[in-house]
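This report concerns only the one structure given below.
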Amino acid sequence: MIAGRTRAQYFLLAPLVWKVAQEWTEQGGAPLGSRWLHLLLLFSARGLTYQFWFSYSNMLFLTRRRRVVPDGVDFRQVDHEWDWDNFLVLQTLIGAALVNGPLLLPGLENLRVWDPRGLGIALLLHVGFSEPVFYWAHRALHGAPLFFSQYHAGHHSTPVTQPLTAGFGTPLEALLLTLTMGVPLAGAFLMGAGSVGLVYVHLLTFDYLRSMGYSNVEVISHRVFEAVPPLRYLLYTPTYLSLHHREKDSNFCLFMPLFDLLGGTLNSKSWELQKEIYQGKNDGVPEFVFLAHVVDIMSSMHVPFVLRSISSVPFENRLILLPFWPVALVYMLLMWCCSKTFLVSFYYLRGRLHQTWSVPRHGFQYFIPAAKEGINRQIELAILRADRMGVKVLSLAALNKNEALNGGGILFVDKHPDLRVRVVHGNTLTAAVILNEIPSNTKEVFLTGATSKLGRAIALYLCRKRIRVIMLTMSSERFLKIQREAPAEFQQYLVQVTKYQAAQNCKTWLVGKWLSPREQRWAPPGTHFHQFVVPPIIGFRRDCTYGKLAAMRLPKDVQGLGSCEYTMERGVVHACHAGGVVHFLEGWQHHEVGALDVDRIDVVWKAALKHGLTPV
């Protein structure tokens, strides 16, 4: 399972860490002139460069209009490129071998901080050696079928380039990059013009340009190239590189298209396509939107533009995220003050674009009375924006459809009766999932959150099946209102209780309200807790079992899905998300807001199965 994979290759750097620790101890402080320390700092800075470009390119709220390839990165590509940074480890170890040898490089402690002559020498060697060597070697890898299949096909197997794709390849490719990157530095050092600053500037610029090229997002306006035409042959673009990755018969250069021009391999579409993409050619309009919100500060980092190794597996609190907690806290405050609904992720289903947007609010803020109006305004603006764009269905997630907040979406539909976008809370399918989890031989259930939208629908549905529903509620008025909705012959199956002790002999608990350890202890051994409470309860009882939140697996033909939805497994979404998808696929024209129509529970369930959604 990919979620369990570790970064074991980092242990290869342990000797360098040991060397730095030794020098630190001997010198009584940070060994600022240590060659080993600089190697580790370079390793970190280079990794952060690729991470910076990865984060930027996947901030779809900033970059979606300028994406070169509109497709998404799927889980297959994520797993394929999981160890993308192996080349950084390899190059760091090669660097350690060189700086420890007497022939090639002197110790860094003997070098100047900066020597401008070194930059000039490195630039000349890059243009005169690195660019042509990479061009011809790269072209040779494509020209010989055996070379391509053995040493380069894996690099081209990823359909959508990402900054992390730049580092993914075979050891031969990594050595070729090491040569083209290292010769200009070695030349400057051998000519006596090397410096610590040159090493940092050259390596980080090299990584910066590679990350930019693989970012799949155009960052330089076509107007710049039109104003300075020679620049087209001095600096490539993400479009330029993407054409190479797709067509494989042109655009072989490292950074400078001049060498493709001289070699006759420059793709004639490069510049016109770059202009079209920068102007928003690939900015598609979604037909379905799932409007989510942030759960808490830790889970706010479980998004595709932070760490791919985290967002591509189900969310759980991890130690690696703790150092970023203060940053996430600052972002929470900024979003609270000056942010609006933003695009988080997307996928394609049967050729139709589905997007997830997020309201810039965290879960706890929904329970602050003073924040209610502002949150509803954010949701309303998102609905109106979707309506203007031509979105067919917008599904409300979790607290965005809270009954106390907006009546399960009724507020917006009543306020804007002419909406073309269908607003859906998706709870009908949520109820269907929960109900279909209950064993067919069940005779009695205990229901908490019994008078909520979901609780009401579940109770009314089960009583029609002659299943006794023990409804926990302090409000006799709300209980009686629900009981009267049931046909007269089934009302006897709805029973009100006010204490958890009443369920001490019932082994099927339907949990729509948070349960403390003290409350859970009333369940008899062997009880199964079915949950529709957000966040889910913590399983304190080892003699009981706990179900997950209602969810469904998306159809097998989903494309471009590469991140997990909160705690859901790969390819699985919350039932309210799936309910919106079904609403869209069926082409239903009604809004699904407010109270659930119990008669539609089976209709929606059958429609979900018909379209290939499956229970988890």
Ignoring hydrogens and angles, tell me if any N or O in the side chain of K453 forms a donor-acceptor pair with the backbone of K401 under 3.5 Å. yes
Side chains of K443 and R468: closer than 4.5 Å at any heavy-atom pair? no
In this structure, are over 12 heavy atoms from other groups packed under 6.0 Å from Q501 atom CD? yes
Is it true that, when you exclude L334 itself, more than 12 heavy atoms of the residues, nucleotides or ligands shown sit nearer than 6.0 Å to its CG? yes
Flag for D85-Y10: side-chain donor and acceptor within less than 3.5 Å: yes
With the side chain counted from C-beta on, respond yes when M568 and L549 share a heavy-atom pair under 4.5 Å apart, and no when they do not. yes
Taking the six-membered ring of W588 as reference, does the NZ or CZ atom of R600 fall below 6.0 Å from its centre and within a 45° cone about the axis? yes
Decide, yes or no, whether a salt bridge links D79 with R570 under the criterion of side-chain N to carboxylate O below 4.0 Å. yes
No-hydrogen, no-angle side-chain donor-acceptor test under 3.5 Å, H354 and E287: no
Y461 side chain to R456 backbone, donor-acceptor under 3.5 Å: no
Between the side chains of T428 and E592, is a donor N or O closer than 3.5 angstrom to an acceptor N or O? yes
Is atom CE of M389 surrounded by more than 12 heavy atoms (other residues, nucleotides or ligands) closer than 6.0 Å? yes
Aromatic rings W509 and F446: how do their planes relate, parallel, tilted or perpendicular, breaks at 30° and 60°? perpendicular
Under 6.0 Å between the ring centres of H80 and F75? no
Tell me, yes or no, whether the heavy-atom count around E489 atom CD, taken from other residues, nucleotides or ligands under 6.0 Å, exceeds 12. yes
Modelled atom types, side-chain donor and acceptor of Q51 and S55, under 3.5 Å: yes
R553 CZ: over 12 foreign heavy atoms closer than 6.0 Å: yes
